[in-house]
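Below is one structure, written out as structure tokens; the observations come after it.
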Amino acid sequence: MSSPTEAPGAPEASGTPETADPPVQPAEPGTSAFAIDKALERMLRRARARSIAAMILVPVFAVVAALLIGAVLIAREGADPLAVYGEVLRGVFVANRGLRNTAVGATPLVLMGLGLAIAYRARLFTIGAEGQFVIGAVAATAWATAPTIRDLPGSIVIPGAVLFAVLAGAAWSSITTLLNVRYRTSIVISSLLLTYIALSIMQWAVRVGIRDPDSFIPASRQIGVGSLPTLPVLNVHAGFAAVILLGPVLWLMMARTRLGYRVDVLGHNPSALGANETRAVGVMFVVLALAGGLAGLAGYIEVAGVTQRVNSSFSLGFGFTAIIVALLGRLHPIGVVVAGLGLAGLRVGFAVAERQYGLPSSLIGLIIALIIIFVLIGDVIAERLGLAERS
Amino acid sequence: MDVVFSIATLSAGLRLALPVALAALGALICERSGVLNLGIEGLMLSGALAGYLAAYHTGSPVIGLLAGLAVGAMCGALLAGLMVGLGTNQIVTGLAFTLFALSATTYIYSLSFSIGQNPPRIERLSMPPLVLLTILVFVLVAAVLRTTFAGLLVTSVGESPVTVAALGYGVARTRVLATIAGSSLAGLGGAVLVCGPLGLFIQNVTAGRGWVALALVVFAGWRPLPLAIGAFFFGLSDAVQLRLQGTQTAIPYEVFLALPYAVTLIALVLRGRNTRTPAALGVRFDPRTV
């Protein structure tokens, strides 16, 4: 998948393949080659505009198509689809705490989606965010509920918890990198296996390791002073600030920094990195550690802002939904923020509408899964029509 | 440790191993042809629901198994159409299908039965015929892969699709058929889970077994016999874990929960660079580029 933003000073690496096929030599002004040069440049610009349009239009069409199928299913249940969709909108924008719940629900999806988007741009297909998420949550909770620590003020406990969560998530993700670099294990498979090992560790932690001695069921202590304060005006836990902040920051990183450029080069042509004396392995470590760190942070924020403690049903598959968010956001940080808020909003609105009209609660999961399947198909159609770069 | 070697644990291990073994064999067929099918979990779930509904309405668990096989094949055709026909990203497509199946099975099930209530039990198949069925399927698949032209074609397509295309055989057709065959076995695995000793369907009844199946294929180095052994090992580990859950022991039961995954990871590392991974696994083949 291509990126709509390109690093400055490096436009030669960013052409779409179908137009960049013939090698373009810089030409002297006044020669016919110069005219060809100009024409090629115009073609490139137009191809890029088309490809950006396809990137935005495909998800829009996918959402519309999925909602149309949803409407058929709603009608089958005997409800009026328009009324139900109206209720969905009301549930998000009008109902008490609709927007707040959307922001809260979007936070883990966006944070993990951002890390995954960057990893996928480097063609590092990790699917281990779920494991890094619970490891981060357990590490941060272990710190914040440890004997002397829990009596310290929040100004010490919270930064410490953030640090532990990020480090734990990054370390867990780095196992994948290490195994890939050292033993060439598949990133997809090892990150998935590590997720299951992480879930086992969490089960043990809440049963024995960080268990609340006063709890009948396996669960950690309340995170207490490690709990996140509520943001003024927005009335959302402070973790949402990370979403507002990190979306643009990572966008700038991908668009304007050397690291962001190297991530895209690693995704498109890894051997070019070596030719420029950059070690691909270094970029891999940074990218996967970043993805893991963000997932770990999301884990802490989920505990400190929502659940207040870790128990054996703590993970709800956010790490897998985040994969959809990353893809729906076209692997672009701002797109990921939009996609995360959009999916969370759909969930919140549907929860209200499903209750109102007595619809099955699995309907929204079905619609979200359809959206991503339609995006996949739409991308291929756009590519066949010559509108987008091959992925 | 005597709990590990009791007859009850061994038979529980076998019972837990059967669905995973069949699904893993299905994943193996797909992967040998170069298609990384991450939809196995979703296929098992679809097969499980199909098997349950068919057995519930006809009263025959054997028809349930056939329904699981058929629905697995139908979903496999859909996946093959996307991944091979359209050439969508295999990782994303498989994941999306699994998420889709998780919601779709819950949705379809909730149309007939209300979630949360005790689901009606169906007539169950006993273990011996299921074990026999699994062994037969394994022998058949191993024989086809090893000794027949079709098996050779599947493996060749997974190793070097360009060569196969140059020899004039259909890469896409082979992959589509392998994906459908493999997916139908994954569906059968789901149906065996439900129509076997369990006898009921609940939301997300497979609970990640499809992912175990994918891990087992790697563990077994893409060979059927080690796959069967690996599946039994997983079942045993799962049985021990379930056994230990209620008791106080020196070794936490979570160790056995994580053991199959950890062992697979170690097997991956030990196999290391001298890998048997199909060379073209997960790589889409585009005849226009040849």
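Proteins come first, then strands; the chains are lettered A, B, ... in the order of their sequence lines, and each starts at number 1.
For B:Leu82, the part lying near chain A is the side chain, with the backbone staying farther off; criterion is any non-hydrogen pair under 4.5 Å. The parts of A:Leu376 that come within reach of chain B are both its backbone and its side chain, each placing non-hydrogen atoms under 4.5 angstrom from that chain.
Applying the side chain to side chain donor-acceptor pair (under 3.5 Å) criterion to A:Thr176, with sequence neighbours excluded, gives no partner residue. With sequence neighbours left out, B:Glu254 forms a side chain to side chain donor-acceptor pair (under 3.5 Å) with A:Arg207.
In this structure, the side chains of B:Leu111 and A:Arg76 come closer than 4.5 Å at one or more pairs of heavy atoms. Put simply, the side chain of B:Leu257 does not reach to within 4.5 Å of the side chain of A:Tyr196, judged on heavy atoms. A heavy-atom distance below 4.5 Å is not found between the side chains of A:Thr185 and B:Val218.
The greatest number of non-hydrogen atom pairs below 4.5 Å with chain A, out of B:Thr88, B:Leu36, B:Leu86, is found for B:Leu86. Interface summary for chain A: among B:Ile91, B:Leu102, B:Val255, the most heavy-atom pairs under 4.5 angstrom belong to B:Ile91. Ranked by heavy-atom pairs under 4.5 Å with chain B, the list A:Ile371, A:Ile368, A:Ile323, A:Leu73 is led by A:Leu73.
Going from atom OH of B:Tyr261 over to atom CG of A:Leu199 covers 9.0 Å, rounded to the nearest 0.5 Å. Of the inter-residue distances, the one linking A:Leu366 atom CG with B:Leu99 atom CG reads 11.5 Å to the nearest 0.5 angstrom. Rounded to the nearest 0.5 Å, atoms OG (A:Ser361) and OH (B:Tyr107) are 11.0 Å apart. For the atom pair OG1 (B:Thr106) and CG (A:Leu363), the distance works out to 12.0 Å, reported to the nearest 0.5 Å. In this structure, the separation between CZ on B:Phe256 and OG on A:Ser200 is 12.0 Å, given to the nearest 0.5 Å. Distance check: A:Ser186 OG to B:Leu281 CG gives 8.0 Å after rounding to the nearest 0.5 Å.
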- [ ] Before giving the answer on side-chain contact (heavy atoms from CB on, under 4.5 Å), spell out for A:Leu194 and B:Leu265 the whole-Å C-alpha distance, their side-chain angles and the decisive distance to 0.1 Å.
- [x] CA-CA 8 Å; A:Leu194 282 166; B:Leu265 206 55; 3.8 Å; yes

TODO: Would you sort out whether A:Phe320 and B:Thr98 count as a side-chain contact (heavy atoms from CB on, under 4.5 Å), showing the intermediate values?
DONE: CA-CA 10 Å; A:Phe320 293 111; B:Thr98 294; over 6 Å; no

Task: B:Leu38 vs A:Val188, side-chain contact (heavy atoms from CB on, under 4.5 Å): CA-CA, chis, key distance, verdict - done: CA-CA 10 Å; B:Leu38 294 189; A:Val188 179; 4.0 Å; yes

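Taking a 6.0 Å sphere around OH of B:Tyr56, one finds it holds 12 or fewer heavy atoms contributed by other residues, nucleotides or ligands.
When each of A:Ile373, A:Ile127, A:Leu327 is checked for a side chain to side chain contact (heavy atoms under 4.5 Å, CB included) with B:Val92, only A:Leu327 meets the rule.
Closest heavy-atom contact between A:Ala369 and B:Ala96: CB-O, 4.4 Å.
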